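Heavy atoms only: backbone and side chains are in, while hydrogens, waters and symmetry mates are out. Lettering of chains follows the sequences in order, A, B, ..., and the numbering in each one begins at 1. It should be emphasised that the depicted structure is a prediction, and the values quoted were computed from it without experimental measurement.
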Amino acid sequence: MTAPAVPTRTDVVRVLVAGYVALWTTIRATDLLDTLDFAPRRLDPVGPLAFLDGPLPAVVVVLAVIVTPIAAALMAVGRVPRISGPVAAAGFLLITTYRNSWGQLHHTENLVALHLIVLALVPFVRRRDTTWAMQAMAVLTVGTYFLAGVAKLRISGWAWLDGDVLRHQIAFDNARKEVMGDPQAPLGGWILRQGWLLAPSAVMTMVVELGAPLALVSRRLAALWCGLVVAFHLSIVAFMAILFPYHLLGIGLAPLLPVERLGATVSGWTRRSRTVSPTSRPTG
Amino acid sequence: MKWVGIGNRFRPRRWRSYAAEVHLSFTRLAVLSAAVVVLSPLLRPPTSDTYPLSTYPMFAGDRGAVHSMATAVAIEPDGSASRLSPELIAGTGEVVLASVTVTRAVRRGESAALCAEIAERVEPGRIIEIRTEEIDVVALVADGAPPLSFVTEARCRGGRE
């Protein structure tokens with residue numbers, strides 16, 4: 001009898017990412033289907049769908065919304081990986097691109113789509129060691145934050161650090177919510193009244209974003225950076241009511257962290273519960 | 001899994017087996033490919049955003065304090081205006097999408113068409129206005145200040161024609 005395989009980091013990350021996608025596409029299904037009722041004049045196709053000159057046929061959208069969570073769930077549990085992975089990745093890319101093609105570019109699903117593509121490639125690479133996938137995903141995670149920091153420098157220069165740009169961004173985002181009949185962020189008004197906090201907040205934002213590549217240097221720096229990222233996203237929720245669930249839940253950060261320990265713990269529990277047969281339990 | 005940082009890859013070649021060499025080359029290729037893909041938006045202007053390879057320009061520029069914001073409101077019997085939800089304005093729960101929808105309609109001269117769309121989603125007889133409001137966003141959010149001024153772009157009555 002062979003010992004059960006201990007889950008690798010790739011296994012755990014696959015369960016987390018594909019499980020997240022299955023849940024996200026199920027919860028957001030009605031939002032995704034809302035696009036069927038949008039006036040065609042509102043279509044503004046982007047990315048892989050930039051070639052579109054009219055809305056997609058309804059059957060394609062409905063099929064993608066139905067098939068993607070199923071494929072992602074199969075991918076999460078490791079079933080038919082050579083089919084479920086590519087279908088989940090392509091389906092997710094299709095529905096999120098289509099959702100972004102109506103005038104608003106969301107920035108919450110970009111990393112999910114890229115991570116899913118890497119994970120979908122894993123079964124096609126004939127290697128037992130999947131370190132390459134985790135390293136590629138870690139680079140994608142770090143790269144997105146680094147790009148966000150670089151964008152601030154390219155657009156506003158070092159003036160971004162004085163806190164005024166951040167003040168106006170927080171105010172604009174909350175004002176737009178107010179004008180559109182939506183509640184403001186819980187601490188949006190408060191942070192604007194505490195003017196002295198804005199410059200240090202801007203500096204911390206840049207430290208997290210431009211310092212992201214340091215997370216690739218060592219395990220300790222990776223853990224430190226991931227902690228800062230979670231705090232950063234919590235503050236975005238508090239001040240702007242913008243939720244990046246994939247990042248905030250730590251799933252986007254998982255390739256950088258020793259999540260295989262989590263997998264080993266869970267599989268240990270499973271093994272123990274299997275070995276404790278009804279006859280071996282104390283009858284009391 | 002052993003943590004494999006970028007840094008500890010640079011060990012003397014003689015210490016490694018051929019298989020390990022091949023694996024390292026593949027891993028390096030994967031990492032390099034990921035870096036090229038995710039950083040490729042640097043080749044575009046920073047405000048040229050797309051999906052999924054974004055330049056992440058969303059919080060990068062200084063928006064200033066005073067803004068023209070297009071929105072839709074309901075006019076109450078006493079003449080006051082009340083805010084409509086994103087669902088009523090654009091048929092979506094997403095605030096930014098609703099805001100973009102009204103802004104585009106105003107810019108393209110389609111305010112009347114959007115007003116008619118909203119009218120179908122509200123109770124009959126309710127008066128709807130598409131407006132462009134001049135707002136000091138810092139004063140509004142920090143102190144609840146009202147809009148500085150507004151222009152009515154279109155006006156219609158709720159209920160299907």
Checklist entry - Salt-bridged, B/Glu110 to A/Arg42, with N to O below 4.0 Å? => result no
Item to check | Lys/Arg N to Asp/Glu carboxylate O, B/Glu117 vs A/Arg41, below 4.0 Å | outcome: yes
Between [options], which has the largest tally of heavy atom pairs under 4.5 Å with chain A?
options: B/Val38, B/Thr55, B/Leu84; answer: B/Val38
options: B/Ala30, B/Pro46, B/Ala34, B/Gly91; answer: B/Pro46
options: B/Leu29, B/Asp136, B/Asp49, B/Asp143; answer: B/Asp49
options: B/Pro41, B/Pro45, B/Gly64; answer: B/Gly64

For [X], which atoms come within 4.5 Å of any heavy atom of chain A: side chain, backbone, both, or neither?
X: B/Arg108; value: side chain
X: B/Leu42; value: both
X: B/Pro147; value: neither

Item to check | chain A-proximal positions within residues 96-107 of chain B [heavy-atom distance under 4.5 Å] | outcome: B/Val96, B/Leu97, B/Ala98, B/Ser99, B/Val100, B/Thr101, B/Val102, B/Arg104
Checklist entry - What residues of residues 68-82 of chain B sit under 4.5 Å from chain A when only non-hydrogen atoms are counted? => result B/Met69, B/Ala70, B/Thr71
Tell me, do [X] and [Y] make a side-chain contact under 4.5 Å, heavy atoms counted?
X: A/Thr96; Y: B/Pro52; answer: no
X: A/His106; Y: B/Tyr51; answer: no
X: B/Val137; Y: A/His168; answer: no
X: A/Glu178; Y: B/Val141; answer: no

Identify which part of [X] has an atom lying under 4.5 Å from any heavy atom of chain B, answering side chain, backbone, both or neither.
X: A/Arg28; answer: side chain
X: A/Pro48; answer: both
X: A/Val118; answer: neither

Next on the checklist: Let me confirm one number: the CG-CD1 distance from B/Asp62 to A/Ile155, rounded to the nearest 0.5 Å.
Outcome noted: 11.5 Å
Next on the checklist: With a 3.5 Å distance limit and no angle check, can you tell me whether B/Arg83 reaches the backbone of A/Met180 through a side-chain donor-acceptor pair?
Outcome noted: no
Checklist entry - Which residue pairs satisfy the ring pair (Phe, Tyr, Trp, His ring centres under 6.0 Å) criterion with at least one member in residues 54-107 of chain B, sequence neighbours excluded? => result A/His107-B/Tyr56, A/Phe172-B/His67
Next on the checklist: Checking an interface table here. Which of residues 157-164 of chain A come within a heavy-atom distance under 4.5 Å of chain B?
Outcome noted: A/Trp160, A/Asp164
